[in-house]
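Note on naming: letters A, B, ... go to the chains in the order of the sequence lines (proteins, then strands), and numbering restarts at 1 for each one. Below, each value reflects all heavy atoms present in this structure, side chains not excepted, and no hydrogens, waters or symmetry copies.
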Protein chains: 2
Amino acid sequence: MGIEDSIRTYGAKIDDMLRELIPVDEKNYLSEPIWYHMNTKGKRVRPAICLITCEALGGNPENALSFALAIEVLHNMFLMHDDIEDGDTVRRDQPTVWVKYGTANAINAGDYLLACAYKSTLASPVAPEKRLKLLEALTLTYGKTVEGQALDINARAAESFTVAAYMKMVELKTGYYLACGMVGGAIVAGASNEVVEKIWMLGKNMGPAFQIRDDLIDLTHGKGRGGVIGSDIKEGKASFLYSYVLQIASGEQKKKLREIMLKPREETTADDIEWVLDVYRRYDAMKYAQDYAENLVQQAYKTINEIPVDDKTIFKEIASFMAQRMS
Amino acid sequence: MGIEDSIRTYGAKIDDMLRELIPVDEKNYLSEPIWYHMNTKGKRVRPAICLITCEALGGNPENALSFALAIEVLHNMFLMHDDIEDGDTVRRDQPTVWVKYGTANAINAGDYLLACAYKSTLASPVAPEKRLKLLEALTLTYGKTVEGQALDINARAAESFTVAAYMKMVELKTGYYLACGMVGGAIVAGASNEVVEKIWMLGKNMGPAFQIRDDLIDLTHGKGRGGVIGSDIKEGKASFLYSYVLQIASGEQKKKLREIMLKPREETTADDIEWVLDVYRRYDAMKYAQDYAENLVQQAYKTINEIPVDDKTIFKEIASFMAQRMS
């Protein structure tokens, strides 16, 4: 089954399981903000990737459903806490949970989602040893992503921020997260530790590659509504471009780059953005970023070829699907 | 070994394990706020209770150390998030983590502590089935405590707040939490599910009993520095007394009680506090609370007698120790 088919087939099932795990109850202080947030979401791509990996490696995807659900729940937990941490007030044209229900309820609802992710993983209908491996994968992903978020939160205020620091941050923040669904599917299918290790490695190649492309899209097509260019600059986001240029710019330029980065978003002017873009262009940073991401994608395909399974098609399909969709 | 001895014996060991789990690193965005917070703490009572239970039930407390550590870490995670949610700016005479490091870092550091609690539990040197039971106990405790916190956060704004609502809140928020260390010790010792179920029940008796006593202490001796009476009223905390009186007070009194409850703490006057105390006295709420707590303590001892183990001494010791120390 292809990824698109898998999303269609399993999407409704995951939604049913979600409603069982966290019953919809408008009078409940946890359920209400959680479902307010969940309803803004859609495709359940992450669960599908878990299930399709399990199937392709010869496992029964039914047995991976609980873990697939856990990944979806973990994803929403991160969105909820990150929105508070980043001060984001709007998600998919709706006020974010902390804006609508207050910071206290948003922190606590996120905490509850995490408990649900563990609850769902603990309910996986697989042998104890496999269940423990799933719990280890969930914990590794959760902990590493939080480590990455710590670097991200503090990157904009950092005195120096290098490409190495950027790579460390995005490997932690996006790499494990991206691989986790595939890892879970592989564990349920009974894949060896060597397979699992290679999938984690694949995440470390692909996560940063997609993040760098995401950073580039912000400068070429715009990420926000109406294709506004440079919203990362406005928000003071520590992008790949920023890390690269900060390494090679003049002292004067560095100073101004940091100043613009540290400005509250509403004080960042169109001139500021244009100035930053101009510096990026001068140092040919877009080209450098493109090449860097391309190199990571090549590494990803190399890693896929090293995964010790007979048919590697599924990993190639997922990589190409993600390249199109998850950026 | 008695509880005091156990704290002395294991306290240093737990501290060493903590430093291994979360290495002290002042330049790390997670380690720094976590250790800033941890250093305000002391006795490691919770781990000791886990270890002493394990030993008393015939287990090897060495095998319970990882879980004991997890409980201590979970405890600190809750303190960190609760301080943000409750808007508390000072803990043990120091600015709270969110005040010192910002809300974003405090949320994220709390999230990281939770990952560490799971990491430590996963490292428990026991058979897979037991490890899964420990993970289930941790997840149950974590999820239920968060449910209780959701009720607590929203109680002060609730139109009606009854003794039943108070009991539900504190059973969730304090009951599992209080039992979890004992449960973990029992699991490692190989206790039956019946034993574990009774210990959870014990938590549901003892948690609310101690919380009600805590609510009373605020009105008789004061909890804050210098024995100031009525800080719960000032902070708008939904106490047992409040829930009881709200059920039986006149419409006029209810209205004013809620108004005072909803006032920001800096706007609550000494007259407000005196007025509330006067209403509590009129309805003999302190006596009612004392009797209610006493009844719960009796239930706790009844539950202890029902725990299907030969020697129940340890549970009686823990109950009496907690009654003196953990309120």
Side-chain angles (χ1 to χ4, degrees), chain A residues 28-34 77-78 80-82 84-87 98 101-124 127-133 135-136 138-155 157-158, chain B residues 28-34 77-78 80-82 84-87 98 101-124 127-133 135-136 138-155 157-158:
Chain A
N28 181 295
Y29 302 116
L30 292 167
S31 172
E32 194 190 330
I34 286 171
M77 176 268 166
F78 278 126
M80 217 180 266
H81 278 191
D82 282 7
I84 314 170
E85 292 167 18
D86 300 340
W98 70 271
Y101 295 97
T103 301
N105 278 309
I107 296 172
N108 203 52
D111 287 348
Y112 190 67
L113 282 174
L114 194 78
C116 292
Y118 275 99
K119 218 163 122 181
S120 191
T121 306
L122 281 162
S124 298
E129 283 79 5
K130 274 190 190 175
R131 217 176 309 145
L132 281 170
K133 280 188 185 181
L135 289 158
E136 279 163 10
L138 183 71
T139 302
L140 183 69
T141 300
Y142 171 56
K144 292 293 179 186
T145 309
V146 170
E147 282 183 47
Q149 174 69 355
L151 298 179
D152 200 0
I153 293 170
N154 298 288
Chain B
N28 181 295
Y29 301 117
L30 292 166
S31 172
E32 194 190 329
I34 286 171
M77 176 267 165
F78 277 126
M80 218 180 266
H81 278 192
D82 282 8
I84 314 170
E85 292 167 20
D86 300 341
W98 69 272
Y101 295 96
T103 302
N105 278 309
I107 296 172
N108 202 53
D111 287 347
Y112 189 68
L113 283 173
L114 194 78
C116 291
Y118 275 99
K119 217 163 123 182
S120 190
T121 307
L122 280 162
S124 297
E129 282 78 4
K130 275 190 189 174
R131 218 177 308 147
L132 281 170
K133 280 189 184 180
L135 289 158
E136 279 163 9
L138 183 71
T139 302
L140 183 69
T141 300
Y142 172 56
K144 293 293 179 188
T145 309
V146 170
E147 281 183 48
Q149 174 69 354
L151 298 178
D152 199 1
I153 294 170
N154 299 287

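- Separating the CG atom in A:Asn108 from the CG atom in B:Asp82 is a distance of 7.5 Å, to the nearest 0.5 Å.
- Applying the ring pair (Phe, Tyr, Trp, His ring centres under 6.0 Å) criterion to A:Tyr112, with sequence neighbours excluded, gives no partner residue.
- A:Asn105 places no side-chain N or O within 3.5 Å of a backbone atom of B:Ala150 that could act as its donor or acceptor partner.
- Counting all heavy atoms, side chain and backbone alike, B:Leu122 lies closest to A:Leu135 at CD1-O, 3.9 Å.
- Using a 30° and 60° split on the angle between ring planes, A:His81 and B:His81 fall in the perpendicular class, above 60°.
- For A:Ile107, the parts lying near chain B are the backbone and the side chain together; criterion is any non-hydrogen pair under 4.5 Å.
- Screening B:Glu129, B:Arg131, B:Lys130 for a side-chain contact (heavy atoms from CB on, under 4.5 Å) with A:Pro128, the sole residue that qualifies is B:Glu129.
- For A:Leu138, no part sits under 4.5 Å from any heavy atom of chain B, backbone or side chain.
- A donor-acceptor contact shorter than 3.5 Å links the side chain of A:Tyr142 to the backbone of B:Asp111.
- Listed options B:Ala104, B:Cys116, B:Gly143 were ranked by heavy-atom pairs under 4.5 angstrom with chain A; first place goes to B:Ala104.
- Residues passing the salt bridge (charged side-chain N to carboxylate O under 4.0 Å, His left out) test with A:Glu147 are A:Lys144, sequence neighbours excluded.
- Most heavy-atom pairs under 4.5 Å with chain B: of the set A:Ile84, A:Thr103, A:Leu30, A:Thr145, this distinction falls to A:Leu30.
- With a 4.5 Å cut-off on non-hydrogen atoms, A:Ile153 touches chain B through its side chain but not through its backbone.
- Both the backbone and the side chain of A:Leu151 come within less than 4.5 Å of a heavy atom in chain B.
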